[in-house]
There are 2 protein chains.
Amino acid sequence: MTAEGGTPHGHGDPTTEPTTPAHRPTADRTTSRDVARAAGVSQATVSLVLGDKWRGRVSERTADSVRALARELGYRPNLAARNLRLGRTRTALLVVPALTNEFFARVHAGAAHAAAEHSVGVVLYPSPDGIGPARDPFDSARAAVDGIIASSMAANALATLRGGGLPLVMLDSDPLRSDAAATVNLDIADGMRRTAEHLLALGHRRFAHIAAGIDSWTFHVRAEALATAVHQAPDATLRTEPTALGVTEGRAAAERALSGPGPRPTALVCDDDLIAAGACKAARRLGLRVPDDLSITGFDDLSLATALEPELTTVRLPAAAVGEAGIRALIAVLDGRAPEPTELPGELVVRDSTAPPPADR
Amino acid sequence: MTAEGGTPHGHGDPTTEPTTPAHRPTADRTTSRDVARAAGVSQATVSLVLGDKWRGRVSERTADSVRALARELGYRPNLAARNLRLGRTRTALLVVPALTNEFFARVHAGAAHAAAEHSVGVVLYPSPDGIGPARDPFDSARAAVDGIIASSMAANALATLRGGGLPLVMLDSDPLRSDAAATVNLDIADGMRRTAEHLLALGHRRFAHIAAGIDSWTFHVRAEALATAVHQAPDATLRTEPTALGVTEGRAAAERALSGPGPRPTALVCDDDLIAAGACKAARRLGLRVPDDLSITGFDDLSLATALEPELTTVRLPAAAVGEAGIRALIAVLDGRAPEPTELPGELVVRDSTAPPPADR
DNA sequence: CCCCGAACGTTATACGTAACACCTCGGGCG
DNA sequence: CGCCCGAGGTGTTACGTATAACGTTCGGGG
């Protein structure tokens, strides 16, 4: 029990040399203590100087010398030790379905940008988009984090996320039934309504909704908003063709919608730009010209929208702003402030894939 | 020095209750010691059991009880503490230009996948694609990492990366002049050669290279390989039109190439699919049909390639495999094994944007 | 002459974990 | 009987950092 009487440790060699402590727990990097030794001060002083808390406690000369030596020795603070000591990491975990979806890549870019401005880090957990219980994000990310920002589309990871007891900011999820500490939403309904009104104003009355068949709030909102807006014109009809996400899938769904029974729709409203790209291919395959014979709209305004010919009329969503707002909200929560709930507007971008419907027979 | 005789600490209250140590360094999560107390064992035992090193040292009954309590109390190991103790983090830093480039999003996906299989994490440093000294990746990523995987296109961050003293795996960089611990390369030259041979076989002789004007190894290789392959046909001509990356930029460059002096090229070889998409738009704008009047090829095989009409003939690069190989190489280096240098092949995917040239006048 | 308060640092922890070196105890064996 | 052995643990330490609490010197005012 007493620590007196001989070193209880195995390699009780009182030389200053460490002599490789037999299991080498650390890569031999310079520590703040090394800098301290070199500067002839205590480790605490180094910590004060480098932490910029030295004013009035350390002389300017000493501070300068410490800084110089730190640079010279290539000192880099050990993040693990710092995080342990402080009990926080200044790091956020961003949970999204997949970055190959450009929308989420942009969300990440916005988050990374805003985070950098606050000296905060972002680590990513791309929730495997298949279903299944998903690996534990906390294990997979393997980085200690202070809070979580999660897209509602990463649904399969959400259950696990709850358990962590960490502050959670939800992106684009139902604000009513969310137990998150904060939410950042997109005004999806408004975007869809504007799309419908644009098409109605052009004279369209026969609509088909090529709808992402995904049980996610954002897509429910799209369907509902479209239906509501379309039916403001009493003679308008709307049929819905569900599809998985993706160009090929969208093409198949659009072909079904265009070759179904009854009069052919003159406008295809697609749940995202990839589906819209597929719809364009379907149109061409059926010998329909876009936009003369058929109008097509997308959603998201990915770079794809302007790469296509004709360029897509679509709703531009401020993806980067979503990421930024997510970071800001999380920081607010972590600082104990109440984050204002955010709702970001979309914007209808009219390009070349919409036009008045062909003259009816 | 002796621990006897009264607690030297300020709030010397010998109760077991911590009574909030005045600055609350840690969020009050369950620690392994809490689990130990609940199970009536020592913290060391908890560590053994949960670290799966208990066989032959702890009875099965005790181990079960510890595991049950850990789950019940919602115990999650403190990664910062673990990392500090072990001196490693089982985390890799992936440095890429930007994830909005689908190619790098796929690289990341591959890396994340391979990493997860080895219980390793990946954190991302998207090097701001502008030039400039870039923030310190180690600071920005804010996560302690064991090693780095960097794309050669994240050039502006590379200098800083060197300083860290961490193992570095380079992706798609010049293997000859690289001081990296390992390299993972794509056989870009082969892909470009196949493209040229495909076009030559179709009968093309007048080529234009819409070339990414970026000082990066991968693009130098493309230019060189294309020139070499094209000039195997003695009557072939090749002009080069540099461009920035992106659809709009590619369109402008293609327009220059098509409207320049001399006979018009019949084949446009583009350095990536985005540029190729721009080239398609340029062709349409000039009244040229693809592929009847003009053949166009891309590079990368992004999802864009099949979204376009006509679908692009392009070189499919195994982006995900690059990420996977990067992780594997890094793990090998960290384990002290010598990683075999990897060179991954591309594959020419012939689609609808290439055809024999129009009959010459 | 003495105490005081700046100025300038230092000492001592504590964070939570993993690994090592010890303990203890009952039984088998020579 | 004495001794060792293995099973089943415990005590202690160290990782590198940040900070609260505590010295120590020195010039000056009362």
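Owing to the predicted nature of the structure, the values given are computational and were not obtained by experimental measurement.
With rounding to the nearest 0.5 angstrom, the OG atom of S119(B) is 9.0 Å from the CD1 atom of I331(B). To the nearest 0.5 Å, the span separating CD1 on I327(A) from CD on E117(A) amounts to 11.0 Å.
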### Task
Could you walk me through whether R61(B) and D64(B) pass the salt bridge (Lys or Arg N to Asp or Glu O under 4.0 Å) test, one step at a time?
CA-CA 5 Å; R61(B) 275 183 9 95; D64(B) 282 349; over 6 Å; no

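Checking dT10(C), dT17(D), dG16(D) against every side-chain atom of V41(A), the shortest atom distance belongs to dT10(C).
One can place CG of L84(B) at 7 Å from P of dG16(D), the figure rounded to the nearest angstrom. In this structure, L79(B) atom CG and dT17(C) atom P are separated by 10 Å, rounded to whole Å. Atom C1' of nucleotide dT17(C) and atom CZ of R76(B) are separated by 17 Å, given to the nearest angstrom. Protein atom CG of L86(A) is 8 Å distant from nucleotide atom C1' of dT17(D), rounded to whole Å. Computed from coordinates, the R29(B) CZ to dT17(C) C1' distance equals 13 Å when rounded to whole Å. One can place CZ of R88(B) at 20 Å from P of dA14(D), the figure rounded to the nearest angstrom. Atoms CZ (R82(A)) and C1' (dT19(D)) sit 14 Å apart, rounded to a whole Å. Atom CG in N78(B) sits about 7 Å away from atom P in dG16(C), given to the nearest Å.
If you check residues 43-65 of chain A against DNA chain D, the residues with a heavy atom closer than 4.0 Å are Q43(A), A44(A), S47(A), K53(A), R57(A), listed by number. At a non-hydrogen distance threshold of 4.0 Å, T31(B), S32(B), R33(B) from residues 30-38 of chain B come into contact with DNA chain C.
D172(B) and S152(B) share no donor-acceptor pair across their side chains, judged by distance under 3.5 Å alone. For the residue pair S59(B)/T62(B), the side-chain donor-acceptor check at 3.5 Å is satisfied. For the 3.5 Å distance criterion, the side chains of N83(A) and T89(A) fail to qualify, holding no donor opposite an acceptor.
Closest approach of M170(A) and A180(A) over heavy atoms only: CG-CB, 3.4 Å. Across all their heavy atoms, A92(B) and L330(B) have their closest contact at CB-CD2, 3.5 Å. Looking at every heavy atom in both residues, L168(B) comes nearest to A150(B) through CD1-CB, 4.1 Å.
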